[in-house]
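Here the structure comes first, spelled out in C-alpha coordinates, and everything after it is commentary.
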Amino acid sequence: MTSLDQLPLRPELRGRTPYGAPQVPAAHRLNTNENPYPLPAELLADLGAALGHAAVELNRYPDRDAVALRSDLAAYLSRDDVAIAPEQVWAANGSNEVLQQILQAFGGAGRTALGFTPSYSMHPIISAGTGTAWVDGHRRADFTIDAAAAAAQVAELRPAVVFVTSPNNPTGTAVALETIEVLYRATDGVLVVDEAYEEFARAGTPSALTLLPGRPRLVVSRTMSKAFGMAGLRLGYLAADPAVVDALQLVRLPYHLSSLTQAAARTALAHTDALLATVDAVKAQRDRIVAALPGMGLTSVPSDANFVLFGHFADARAAWQALLDRGVLVRDVGLPGWLRVTAGTAEETDAFLTALGEVAPDHRVAEGE
Ligand SMILES: *Cc1c(COP(=O)(O)O)cnc(C)c1O
(Lines give C-alpha, C1' and ligand atoms only; values in the text may rest on other atoms or scores of the structure.)
Protein backbone atom coordinates (compact mmCIF):
# COMPACT_ATOMS: atom_id res chain seq x y z
CA MET A 1 0.00 0.00 0.00
CA THR A 2 1.19 3.51 -0.80
CA SER A 3 1.82 5.73 2.23
CA LEU A 4 1.22 9.48 2.27
CA ASP A 5 4.98 10.05 2.46
CA GLN A 6 5.34 8.56 -1.01
CA LEU A 7 2.99 11.16 -2.52
CA PRO A 8 4.03 14.66 -3.59
CA LEU A 9 1.91 16.19 -0.80
CA ARG A 10 2.21 19.92 -0.03
CA PRO A 11 4.86 20.24 2.70
CA GLU A 12 2.57 22.06 5.13
CA LEU A 13 0.15 19.10 5.08
CA ARG A 14 2.80 16.51 5.93
CA GLY A 15 2.35 14.85 9.31
CA ARG A 16 -1.12 16.31 9.83
CA THR A 17 -4.17 14.36 10.93
CA PRO A 18 -7.67 14.88 9.47
CA TYR A 19 -10.59 16.22 11.55
CA GLY A 20 -11.51 13.23 13.61
CA ALA A 21 -14.46 13.15 15.98
CA PRO A 22 -14.63 9.36 16.44
CA GLN A 23 -17.79 7.95 14.86
CA VAL A 24 -17.82 4.90 17.15
CA PRO A 25 -21.02 3.01 17.93
CA ALA A 26 -22.50 3.89 21.33
CA ALA A 27 -25.97 3.84 22.87
CA HIS A 28 -25.74 7.58 23.62
CA ARG A 29 -23.74 9.70 21.18
CA LEU A 30 -23.01 12.98 22.95
CA ASN A 31 -19.79 13.92 21.17
CA THR A 32 -20.55 16.13 18.16
CA ASN A 33 -23.07 18.66 19.51
CA GLU A 34 -25.90 17.53 17.26
CA ASN A 35 -29.52 18.19 18.14
CA PRO A 36 -30.94 14.77 19.11
CA TYR A 37 -34.59 15.60 18.49
CA PRO A 38 -36.21 14.16 15.35
CA LEU A 39 -37.36 16.72 12.78
CA PRO A 40 -41.03 17.75 13.11
CA ALA A 41 -43.39 15.54 11.08
CA GLU A 42 -44.84 18.54 9.16
CA LEU A 43 -41.34 19.52 8.08
CA LEU A 44 -40.56 15.99 6.89
CA ALA A 45 -43.72 15.99 4.79
CA ASP A 46 -42.92 19.39 3.31
CA LEU A 47 -39.32 18.33 2.62
CA GLY A 48 -40.55 15.34 0.63
CA ALA A 49 -42.71 17.60 -1.52
CA ALA A 50 -40.08 20.33 -1.92
CA LEU A 51 -37.32 17.90 -2.89
CA GLY A 52 -39.63 16.14 -5.34
CA HIS A 53 -40.44 19.51 -6.88
CA ALA A 54 -36.76 20.51 -7.09
CA ALA A 55 -35.88 17.12 -8.60
CA VAL A 56 -37.92 17.95 -11.71
CA GLU A 57 -35.32 20.59 -12.59
CA LEU A 58 -32.20 18.59 -11.76
CA ASN A 59 -31.18 18.64 -15.43
CA ARG A 60 -30.47 22.37 -14.89
CA TYR A 61 -27.76 23.98 -12.76
CA PRO A 62 -29.04 25.51 -9.51
CA ASP A 63 -29.36 29.25 -8.85
CA ARG A 64 -25.66 30.09 -8.60
CA ASP A 65 -26.25 32.95 -6.19
CA ALA A 66 -28.94 31.20 -4.09
CA VAL A 67 -30.89 34.45 -4.04
CA ALA A 68 -34.15 33.11 -2.56
CA LEU A 69 -32.34 31.15 0.15
CA ARG A 70 -30.16 34.12 1.12
CA SER A 71 -33.26 36.26 1.37
CA ASP A 72 -34.88 33.70 3.72
CA LEU A 73 -31.70 33.56 5.82
CA ALA A 74 -31.62 37.37 6.01
CA ALA A 75 -35.22 37.34 7.23
CA TYR A 76 -34.29 34.78 9.91
CA LEU A 77 -31.31 36.84 11.10
CA SER A 78 -33.46 39.97 11.18
CA ARG A 79 -35.77 38.50 13.83
CA ASP A 80 -33.74 39.79 16.77
CA ASP A 81 -33.73 43.58 16.46
CA VAL A 82 -31.11 43.67 13.71
CA ALA A 83 -31.74 44.44 10.04
CA ILE A 84 -29.79 42.12 7.73
CA ALA A 85 -30.29 42.50 3.96
CA PRO A 86 -30.07 39.56 1.52
CA GLU A 87 -26.94 41.11 -0.11
CA GLN A 88 -25.22 40.80 3.29
CA VAL A 89 -25.78 37.04 3.47
CA TRP A 90 -23.79 34.24 1.88
CA ALA A 91 -24.43 30.50 2.20
CA ALA A 92 -22.43 27.33 1.51
CA ASN A 93 -22.29 23.62 2.34
CA GLY A 94 -21.89 23.99 6.09
CA SER A 95 -20.21 26.88 7.85
CA ASN A 96 -16.98 24.95 7.30
CA GLU A 97 -17.24 25.76 3.60
CA VAL A 98 -18.12 29.38 4.41
CA LEU A 99 -14.96 29.60 6.55
CA GLN A 100 -12.91 27.95 3.81
CA GLN A 101 -14.12 30.53 1.28
CA ILE A 102 -13.22 33.34 3.71
CA LEU A 103 -9.68 31.96 3.99
CA GLN A 104 -9.45 31.45 0.22
CA ALA A 105 -10.40 35.10 -0.31
CA PHE A 106 -8.60 36.78 2.60
CA GLY A 107 -5.93 34.28 3.72
CA GLY A 108 -3.64 32.13 1.60
CA ALA A 109 0.08 31.94 0.94
CA GLY A 110 2.17 34.42 2.89
CA ARG A 111 -0.76 35.36 5.15
CA THR A 112 -1.59 34.40 8.72
CA ALA A 113 -4.75 33.48 10.61
CA LEU A 114 -5.01 33.86 14.39
CA GLY A 115 -7.46 32.08 16.68
CA PHE A 116 -7.70 31.84 20.46
CA THR A 117 -7.15 28.22 21.44
CA PRO A 118 -8.67 26.06 22.72
CA SER A 119 -11.29 26.70 20.10
CA TYR A 120 -12.88 25.02 17.08
CA SER A 121 -10.35 22.52 15.73
CA MET A 122 -11.43 23.14 12.12
CA HIS A 123 -10.15 26.74 12.07
CA PRO A 124 -6.45 25.69 11.95
CA ILE A 125 -7.26 22.73 9.68
CA ILE A 126 -9.02 24.93 7.11
CA SER A 127 -6.20 27.45 7.39
CA ALA A 128 -3.65 24.75 6.53
CA GLY A 129 -5.81 23.58 3.63
CA THR A 130 -5.80 27.08 2.14
CA GLY A 131 -2.07 27.63 2.67
CA THR A 132 -2.68 30.14 5.46
CA ALA A 133 -0.19 30.10 8.35
CA TRP A 134 -1.86 29.56 11.73
CA VAL A 135 -0.98 31.15 15.07
CA ASP A 136 -2.48 30.20 18.44
CA GLY A 137 -3.78 33.18 20.40
CA HIS A 138 -3.77 33.26 24.19
CA ARG A 139 -6.61 32.75 26.67
CA ARG A 140 -6.62 33.09 30.43
CA ALA A 141 -6.51 29.94 32.58
CA ASP A 142 -10.31 30.15 32.95
CA PHE A 143 -10.54 30.11 29.10
CA THR A 144 -11.79 33.72 28.79
CA ILE A 145 -10.09 36.08 26.35
CA ASP A 146 -8.16 38.99 27.86
CA ALA A 147 -9.20 41.70 25.37
CA ALA A 148 -6.15 43.92 25.90
CA ALA A 149 -3.67 41.05 25.63
CA ALA A 150 -5.46 39.67 22.55
CA ALA A 151 -5.48 43.10 20.89
CA ALA A 152 -1.76 43.46 21.57
CA GLN A 153 -1.10 40.08 19.97
CA VAL A 154 -3.21 41.07 16.93
CA ALA A 155 -1.39 44.41 16.60
CA GLU A 156 1.99 42.68 16.71
CA LEU A 157 1.18 39.79 14.37
CA ARG A 158 -1.09 41.67 11.91
CA PRO A 159 -3.00 38.51 10.87
CA ALA A 160 -5.10 38.62 7.68
CA VAL A 161 -7.90 36.71 9.43
CA VAL A 162 -8.81 36.62 13.14
CA PHE A 163 -11.20 33.96 14.45
CA VAL A 164 -13.33 34.39 17.55
CA THR A 165 -15.74 31.56 18.38
CA SER A 166 -18.69 32.77 20.43
CA PRO A 167 -20.06 30.81 22.22
CA ASN A 168 -16.67 29.11 22.14
CA ASN A 169 -16.28 25.44 21.29
CA PRO A 170 -15.13 23.41 23.25
CA THR A 171 -15.36 25.62 26.35
CA GLY A 172 -18.95 26.87 25.85
CA THR A 173 -18.66 30.48 26.96
CA ALA A 174 -19.79 33.44 24.82
CA VAL A 175 -17.33 36.29 24.20
CA ALA A 176 -18.34 39.80 25.33
CA LEU A 177 -19.18 42.21 22.50
CA GLU A 178 -16.71 44.69 23.97
CA THR A 179 -13.92 42.15 23.36
CA ILE A 180 -15.03 41.75 19.74
CA GLU A 181 -15.08 45.54 19.29
CA VAL A 182 -11.57 45.83 20.74
CA LEU A 183 -10.29 43.09 18.43
CA TYR A 184 -11.94 44.73 15.41
CA ARG A 185 -10.17 47.99 16.17
CA ALA A 186 -6.86 46.16 16.65
CA THR A 187 -6.89 44.32 13.33
CA ASP A 188 -6.65 45.49 9.73
CA GLY A 189 -7.65 41.98 8.63
CA VAL A 190 -11.01 40.23 8.57
CA LEU A 191 -12.52 39.39 11.98
CA VAL A 192 -14.65 36.25 11.83
CA VAL A 193 -17.04 35.62 14.72
CA ASP A 194 -18.09 31.97 14.49
CA GLU A 195 -21.56 31.89 16.09
CA ALA A 196 -22.41 28.24 15.39
CA TYR A 197 -24.06 27.98 18.84
CA GLU A 198 -25.57 31.45 19.14
CA GLU A 199 -29.16 30.23 19.49
CA PHE A 200 -28.23 28.42 22.72
CA ALA A 201 -26.71 31.46 24.45
CA ARG A 202 -27.99 32.41 27.88
CA ALA A 203 -30.42 35.33 28.04
CA GLY A 204 -28.78 38.74 27.66
CA THR A 205 -25.96 37.48 25.41
CA PRO A 206 -26.20 39.61 22.26
CA SER A 207 -25.02 38.43 18.85
CA ALA A 208 -22.14 40.10 17.02
CA LEU A 209 -24.69 40.79 14.24
CA THR A 210 -25.47 43.96 16.18
CA LEU A 211 -21.88 45.14 15.51
CA LEU A 212 -22.03 44.81 11.70
CA PRO A 213 -23.08 48.39 10.79
CA GLY A 214 -19.96 50.43 10.01
CA ARG A 215 -17.59 47.44 10.34
CA PRO A 216 -16.92 46.17 6.78
CA ARG A 217 -14.21 43.69 7.88
CA LEU A 218 -16.46 41.92 10.41
CA VAL A 219 -18.02 38.57 9.45
CA VAL A 220 -20.53 36.62 11.54
CA SER A 221 -20.91 32.96 10.60
CA ARG A 222 -23.85 30.72 11.52
CA THR A 223 -25.02 27.20 10.73
CA MET A 224 -28.15 25.08 10.48
CA SER A 225 -26.18 22.12 11.92
CA LYS A 226 -26.76 22.83 15.61
CA ALA A 227 -29.85 24.66 16.88
CA PHE A 228 -31.83 23.89 13.70
CA GLY A 229 -30.98 20.22 14.14
CA MET A 230 -30.03 19.77 10.48
CA ALA A 231 -26.35 18.72 10.56
CA GLY A 232 -26.99 16.32 7.67
CA LEU A 233 -28.26 19.12 5.42
CA ARG A 234 -24.86 20.86 5.27
CA LEU A 235 -25.96 24.48 5.29
CA GLY A 236 -23.90 27.25 6.82
CA TYR A 237 -24.07 30.97 6.19
CA LEU A 238 -22.65 34.33 7.13
CA ALA A 239 -23.66 37.95 7.45
CA ALA A 240 -21.24 40.74 6.58
CA ASP A 241 -20.85 43.83 4.46
CA PRO A 242 -22.07 43.17 0.87
CA ALA A 243 -18.48 43.75 -0.32
CA VAL A 244 -17.38 40.66 1.65
CA VAL A 245 -20.05 38.65 -0.16
CA ASP A 246 -18.71 39.99 -3.48
CA ALA A 247 -15.21 38.88 -2.47
CA LEU A 248 -16.38 35.35 -1.70
CA GLN A 249 -17.90 35.04 -5.16
CA LEU A 250 -14.33 35.24 -6.53
CA VAL A 251 -13.41 31.94 -4.88
CA ARG A 252 -16.60 29.91 -4.55
CA LEU A 253 -17.07 27.07 -6.99
CA PRO A 254 -19.86 27.82 -9.44
CA TYR A 255 -23.15 26.16 -8.43
CA HIS A 256 -21.66 25.06 -5.10
CA LEU A 257 -25.08 24.80 -3.41
CA SER A 258 -27.17 22.10 -5.09
CA SER A 259 -30.81 22.77 -5.93
CA LEU A 260 -31.76 20.05 -3.45
CA THR A 261 -29.79 21.75 -0.66
CA GLN A 262 -31.32 25.12 -1.47
CA ALA A 263 -34.85 23.69 -1.56
CA ALA A 264 -34.38 21.72 1.67
CA ALA A 265 -32.87 24.69 3.52
CA ARG A 266 -35.69 27.03 2.42
CA THR A 267 -38.28 24.47 3.53
CA ALA A 268 -36.56 24.09 6.90
CA LEU A 269 -36.47 27.88 7.36
CA ALA A 270 -40.22 28.00 6.76
CA HIS A 271 -40.46 25.76 9.87
CA THR A 272 -38.05 27.83 11.97
CA ASP A 273 -40.34 28.11 15.00
CA ALA A 274 -40.99 24.36 15.16
CA LEU A 275 -37.28 23.58 14.68
CA LEU A 276 -36.10 26.03 17.32
CA ALA A 277 -38.75 24.81 19.77
CA THR A 278 -36.24 22.20 20.99
CA VAL A 279 -33.61 24.83 21.87
CA ASP A 280 -35.13 25.61 25.27
CA ALA A 281 -35.39 21.91 26.10
CA VAL A 282 -31.72 21.38 25.21
CA LYS A 283 -30.70 24.42 27.28
CA ALA A 284 -32.64 23.00 30.25
CA GLN A 285 -30.65 19.73 29.97
CA ARG A 286 -27.40 21.71 29.69
CA ASP A 287 -28.23 23.59 32.88
CA ARG A 288 -29.21 20.31 34.55
CA ILE A 289 -25.79 18.84 33.73
CA VAL A 290 -24.04 21.96 35.06
CA ALA A 291 -26.07 21.81 38.29
CA ALA A 292 -25.38 18.10 38.88
CA LEU A 293 -21.58 18.27 38.54
CA PRO A 294 -20.62 19.77 41.93
CA GLY A 295 -22.46 16.94 43.71
CA MET A 296 -20.03 14.54 42.00
CA GLY A 297 -16.97 16.57 42.94
CA LEU A 298 -16.71 17.92 39.38
CA THR A 299 -16.86 21.37 37.84
CA SER A 300 -17.67 22.98 34.48
CA VAL A 301 -16.97 26.06 32.40
CA PRO A 302 -19.95 28.48 32.04
CA SER A 303 -21.87 27.38 28.93
CA ASP A 304 -23.84 29.38 26.36
CA ALA A 305 -23.90 26.38 24.03
CA ASN A 306 -25.56 22.97 23.75
CA PHE A 307 -22.59 21.29 25.44
CA VAL A 308 -20.65 21.45 28.68
CA LEU A 309 -16.90 21.22 29.27
CA PHE A 310 -16.53 19.32 32.54
CA GLY A 311 -13.66 18.09 34.76
CA HIS A 312 -11.27 17.82 36.38
CA PHE A 313 -10.05 14.32 35.71
CA ALA A 314 -6.66 12.86 36.54
CA ASP A 315 -6.64 11.27 33.08
CA ALA A 316 -9.35 12.57 30.75
CA ARG A 317 -8.75 9.78 28.24
CA ALA A 318 -9.33 7.11 30.91
CA ALA A 319 -12.52 8.85 32.08
CA TRP A 320 -13.67 9.08 28.42
CA GLN A 321 -13.14 5.31 28.02
CA ALA A 322 -14.94 4.54 31.30
CA LEU A 323 -17.97 6.54 30.10
CA LEU A 324 -17.87 4.78 26.71
CA ASP A 325 -17.74 1.42 28.50
CA ARG A 326 -21.09 2.48 30.00
CA GLY A 327 -22.54 3.32 26.57
CA VAL A 328 -22.00 7.09 26.70
CA LEU A 329 -19.78 8.66 24.01
CA VAL A 330 -18.49 12.12 24.96
CA ARG A 331 -15.61 14.10 23.43
CA ASP A 332 -12.01 14.13 24.51
CA VAL A 333 -11.01 17.50 23.07
CA GLY A 334 -7.38 17.08 24.09
CA LEU A 335 -7.56 19.51 27.02
CA PRO A 336 -5.82 17.88 30.00
CA GLY A 337 -8.36 17.18 32.75
CA TRP A 338 -11.46 18.06 30.74
CA LEU A 339 -14.12 16.33 28.64
CA ARG A 340 -17.00 17.78 26.62
CA VAL A 341 -20.55 16.43 26.61
CA THR A 342 -23.41 17.44 24.30
CA ALA A 343 -26.71 18.29 26.00
CA GLY A 344 -29.44 16.21 24.43
CA THR A 345 -32.76 14.78 25.51
CA ALA A 346 -33.72 14.24 29.16
CA GLU A 347 -33.18 10.48 28.68
CA GLU A 348 -29.68 11.06 27.31
CA THR A 349 -28.87 13.33 30.23
CA ASP A 350 -30.16 10.65 32.64
CA ALA A 351 -27.85 8.07 31.03
CA PHE A 352 -24.88 10.46 31.06
CA LEU A 353 -25.34 11.54 34.68
CA THR A 354 -25.80 7.93 35.84
CA ALA A 355 -22.63 6.82 34.05
CA LEU A 356 -20.70 9.86 35.29
CA GLY A 357 -21.82 9.17 38.86
CA GLU A 358 -20.18 5.73 38.57
CA VAL A 359 -17.05 7.02 36.85
CA ALA A 360 -16.37 10.20 38.84
CA PRO A 361 -15.09 8.70 42.14
CA ASP A 362 -12.28 6.81 40.39
CA HIS A 363 -11.28 9.50 37.93
CA ARG A 364 -11.87 12.95 39.36
CA VAL A 365 -9.23 15.23 40.80
CA ALA A 366 -10.74 16.78 43.91
CA GLU A 367 -10.61 20.58 43.86
CA GLY A 368 -7.47 21.85 45.58
CA GLU A 369 -5.54 18.61 45.08
C1 LIG B 1 -20.26 22.58 14.68
C2 LIG B 1 -19.53 23.83 14.41
C3 LIG B 1 -19.62 24.45 13.17
C4 LIG B 1 -20.55 23.86 12.17
O5 LIG B 1 -20.01 23.48 11.01
P6 LIG B 1 -20.99 23.09 9.83
O7 LIG B 1 -20.01 22.94 8.72
O8 LIG B 1 -21.94 24.22 9.63
O9 LIG B 1 -21.69 21.82 10.20
C10 LIG B 1 -18.98 25.65 12.95
N11 LIG B 1 -18.27 26.23 13.94
C12 LIG B 1 -18.18 25.68 15.15
C13 LIG B 1 -17.44 26.39 16.23
C14 LIG B 1 -18.78 24.46 15.41
O15 LIG B 1 -18.65 23.89 16.61
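Only heavy atoms go into these numbers, but all of them, side chains included; no hydrogens, no water, no symmetry mates.
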Which residues pass the side chain to side chain donor-acceptor pair (under 3.5 Å) test with [X], sequence neighbours left out?
X    : value
R60  : none
Q321 : D325
Q101 : W90
E34  : T32

Could you name each residue pair satisfying ring pair (Phe, Tyr, Trp, His ring centres under 6.0 Å) that touches residues 261-290, not counting sequence neighbours?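 For residues 261-290, and leaving out neighbouring residues, there are no ring pair (Phe, Tyr, Trp, His ring centres under 6.0 Å) pairs at all.
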
Under the ring pair (Phe, Tyr, Trp, His ring centres under 6.0 Å) definition, can you give me all pairs with a residue in residues 170-214, not counting sequence neighbours?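 Listed once each, the pairs are Y197-F307.
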
According to side-chain hydrogen bond (donor to acceptor under 3.5 Å, both in side chains), does anything in residues 171-181 pair up with another residue at least two apart or in another chain? List the pairs.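 Matches after skipping sequence neighbours: N168-T171, E181-R215.
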
Does [X] have any salt bridge (charged side-chain N to carboxylate O under 4.0 Å, His left out) partners at least two apart in sequence or in another chain, and if so, which?
X    : result
E347 : none
D304 : R202
D5   : none
E358 : R326

List the atom pairs, with distances to 0.1 Å, where a side-chain N or O of residues 107-117 and a protein N or O form a donor-acceptor pair under 3.5 Å, not counting sequence neighbours.
residue	atom	partner	partner atom	Å
R111	NH1	F106	O	2.9
T117	OG1	D136	OD1	3.3

